[in-house]
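Here's the structure we're looking at; comments come further down.
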Amino acid sequence: MAVNLTNYRQVLANIGPYHARLVAVSKTKPVEDIQALYDAGQRIFGENYVQELADKAGRLPQDIQWHFIGHLQSNKVKYIAPFVSMIHGVDSGKLLQEINKQAARNNRVISCLLQLFIATEETKFGLSEAEVHEVLEQAKALPHVRIAGLMGMASNTDDEERIRQEFRGLKALHNEVRARYFSGEESFNELSTGMSGDYKIALEEGSTLVRIGSLLFGARNYA
């Protein structure tokens, strides 16, 4: 079996004291591996590709909470809107409007996280702080999306202090946004930061959702 249940239990033990939740990143992995982790108790799975997610959702237990964690194109929202539990990487007002449109067609309210650009690599996606405020103003008129929090990816570096500062900055912005736009509301409570290599730092800096794949499923096969 490709799933590492020892690592799975260790991750759960590590996130437990922080009351965070695990998003098991299952992109490129077969349904058999996802089912094995499901049988061990995992219910939240993260996927990066729309077609792959739609296929897996139709073949696996209906109580799985599917989180879309990749870069989402507006023209593909319709394929996951009927069932997706949360969309992590909302990086434009245009995308949020399309999610609202497709959620309305399915008589749903879809939870969304706004993705911030916090790293130094140009290849990563995300909003600037100024753009976050613009999108939050737009969101007030979109009844079929729920802004549940923020998401960010730290720089791909061995410099742990830089990673910590990036996570810490995002947490500070999270606090600011909550106070300004969601004061007294419980809905804005998620901070999606941390992956297999840096999730322990992310937890220390306020993460509520850690996105972990290779520790659980092994190296990905892109062939």
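Side chains are part of it too, since the values below use all heavy atoms of this structure and drop only hydrogens, waters and symmetry mates.
Taking 4.5 Å as the limit, some side-chain heavy atom of Ile34 sits within range of a side-chain heavy atom of Glu47. Side chains of Lys56 and Trp66 form a contact here, defined as non-hydrogen atoms less than 4.5 Å apart.
For the residue pair Asp55/Gln51, the side-chain donor-acceptor check at 3.5 Å is not satisfied. For Tyr38 and Asp63, the side-chain atoms include at least one donor-acceptor pair closer than 3.5 Å. At a cut-off of 3.5 Å, with distance as the only test, a side-chain donor of Gln165 or Glu161 sits close to an acceptor on the other residue. Checked by atom type, the side-chain pair Asn106/Gln102 shows no donor-acceptor distance below 3.5 Å.
Between the Glu166 side chain and the Ser155 main chain, a donor and an acceptor come within less than 3.5 Å of each other. With hydrogens and angles disregarded, a donor-acceptor distance shorter than 3.5 Å links the side chain of Gln42 to the backbone of Leu22. Between the Ser26 side chain and the Lys29 main chain, no donor and acceptor come within less than 3.5 Å of each other. Side chain of Ser207 to backbone of Leu191: a donor-acceptor contact under 3.5 angstrom is found.
With hydrophobic clusters built from ILVMFWY side chains whose heavy atoms lie under 4.5 angstrom apart, Val109 does not share a cluster with Val84. Under the 4.5 Å side-chain heavy-atom criterion for Ile, Leu, Val, Met, Phe, Trp and Tyr, Val31 and Val50 are members of the same hydrophobic cluster.
Nearest heavy atom pair, residue Met151 against residue His88, reads CB-O, 3.5 Å. Between Ile99 and Ile87, the closest heavy-atom pair is CD1-CD1, 3.7 Å.
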